[in-house]
There are 2 protein chains.
Amino acid sequence: MAASDSSTSRRAAMTDAGLDAVDRTILSELSRNGRLSNTELAARAGIAESTCLKRVRALQANGVIVGFHAEISPAAIGLHLEALITIRLHAHARGDLRRFQAYVEELPATQRVYFLAGDRDFLVHVAVPDAAALRELVSDTLSLRPEVASTSTSLIFAHAAGSRGI
Amino acid sequence: MAASDSSTSRRAAMTDAGLDAVDRTILSELSRNGRLSNTELAARAGIAESTCLKRVRALQANGVIVGFHAEISPAAIGLHLEALITIRLHAHARGDLRRFQAYVEELPATQRVYFLAGDRDFLVHVAVPDAAALRELVSDTLSLRPEVASTSTSLIFAHAAGSRGI
DNA sequence: TATGAAATATAATAACA
DNA sequence: TGTTATTATATTTCATA
C-alpha cells in the first residue's frame, strides 16, 4: 500500500497489488526458503542480483513481505502436546479485547492467535510439554481470567503449512 | 532426534532435547528474524562465528529448526479475506484422512491446516480475495467433496504470531 | 568434543551506466 | 534494470582447550 501507485499500465502483467511475475517468483521462493541467497534468488527469478535485491527490499517496504522467521519444531524443544483453544469472552468484557489478545499473545505456550467474528472470540494454537501443562494453561492461566466466559480445547494431531502457492 | 545422544551431563545447563542457553538464544533470535546474519547472531549469542554456524547447522540437522520462511501479508497480495473453516468428514471416509488432508493443503487459498482430535476433523486457515471466493471455496471446493460431512466457517478479524518465547 | 582465530570463498551492497 | 567495483559475510581450515 505504499510505493507503487494504482496505474497498472506501467509494469507488465500485474495481477494484484502491483505484483508482476518476477515478484511472485520471489515471494514463492522466499516463502518456501527464506534463507535463499540473493544470488540464487536472482537466478531463479531471471534477473540481475542488484535488481533482485531492490525487488526484495521494495516488497518489504511495501508490506508484502512482513518478515522472515525460522520455523521451530515444538516437539524438538520439548513441547510434545499441541492444542487449539477457542475462547469466548463475557459480553461486558468485549471492550478489553485488545488487552486480552495481548495477554494471550505473550503466553509462552502461544504459537498463534486468531481473533474471530462469530460466537467464538479467539482461537489460540498452543504448544506445551505435556497434558498437565495444558490442563494448567486452560484451567488456570486462561479460565481464571475474569474476561473469559468459556473455553473449548481440541488436541492437534498434526498441522502443516499450506501450499505457499503465491 | 539425531546427533546429540541422551547423556545430558556433557553440556552445561541443558533443559530440553539437549538445548543449552546458547541454542535457545539462537532459536529465539532466528524465530524473530530468520535473516539475521551469522555475524550478528554470533555476537548476540556470545560465541564465535564459526561456532555459531555449526550450532545453527546442528539445530537444522536435528530437526529443531525445520526451515526458514518469508512471512507474506495476504492482504498485500490481494487476499483481503481470511477465514477459519472447520471440517467434519463422514465416518466412513476417515480412512481417507491423509488423502483429504493432502487435497486441502494443496488448495491455493490454504494458509495452514490443523488435523484435530475430537468432533471436528480439520481446521483450515484460508485467505481469499473476497466473499465470493470464500463462498465458492466452502460451497464447492470443499463441500462437494464426498468425504465432507459438514463445514463451519468463521471470519478472521486479525491474527498474530505468539511470543516466540523459546 | 566443542570452540575460536585466521584465511579464503562467496555473497551482499553501492555506484554508475 | 543491469554491470562493475567494493564491502561485508559466510565458510573452511587448523590450532587449542
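Chain letters run A, B, ... following the sequence lines, proteins first, then strands; residues in each count from 1. Computed from a predicted model, the values in this text were never measured in an experiment.
The separation between A:L53 atom CG and D:dT7 atom P is 17 Å, rounded to whole Å. C:dA11 atom C1' lies 12 Å from atom CZ of B:R35, rounded to whole Å. For B:F68 and D:dA10, the CZ to C1' distance is 14 Å, given to the nearest whole Å. Taking atom CD1 on A:I47 and atom C1' on D:dT3, their separation rounds to 15 Å, with Å as the unit. Nucleotide D:dT12 holds its P atom 11 Å from the CG atom of B:N38, rounded to whole Å. In this structure, A:L41 places its CG atom 16 Å from C1' of D:dG2, rounding to the nearest Å. Here D:dA10 presents its C1' atom at 15 Å from CD1 of B:I26, a figure rounded to the nearest Å. A:E40 places its CD atom 21 Å from the P atom of C:dA9, with the value rounded to the nearest Å.
On a pure distance criterion of 3.5 Å, a polar donor-acceptor pair joins the side chain of B:S50 and the base of C:dA5.
Residues B:E49 and B:G46 each lie close to DNA chain C; by heavy-atom proximity, the contact nearer the 5' end of the strand is made by B:G46. Along DNA chain D, the nucleotide nearest B:K54 and the nucleotide nearest B:L36 are compared for position; the residue whose nucleotide lies closer to the 5' end is B:L36.
Residue B:R55 places no side-chain N or O under 4.0 Å from the OP1 or OP2 atom of C:dA2.
Using a 30° and 60° split on the angle between ring planes, B:F100 and B:F122 fall in the tilted class, from 30° to 60°.
In summary, B:D20 and B:R55 engage in a salt bridge, as defined by a charged side-chain N under 4.0 Å from a carboxylate O. A salt bridge between A:R135 and A:D140 is absent, with no side-chain N of the basic residue lying under 4.0 Å from a carboxylate O of the acidic one.
Across all strands, B:R57 comes closer than 4.0 Å only to sugar-phosphate atoms, never to a base (heavy-atom distances). Across all strands shown, B:T39 has heavy atoms under 4.0 Å from sugar-phosphate atoms exclusively, and none from any base. Using a 4.0 Å heavy-atom distance criterion, A:S37 is classed as a sugar-phosphate-only contact.
B:V113 and A:L155 fall into different hydrophobic clusters, where Ile, Leu, Val, Met, Phe, Trp and Tyr are joined by side-chain heavy atoms under 4.5 Å apart, directly or via other members. Cluster annotation: B:L142 and B:L81 are assigned to the same hydrophobic cluster (Ile/Leu/Val/Met/Phe/Trp/Tyr, side-chain heavy-atom contacts under 4.5 Å, transitive).
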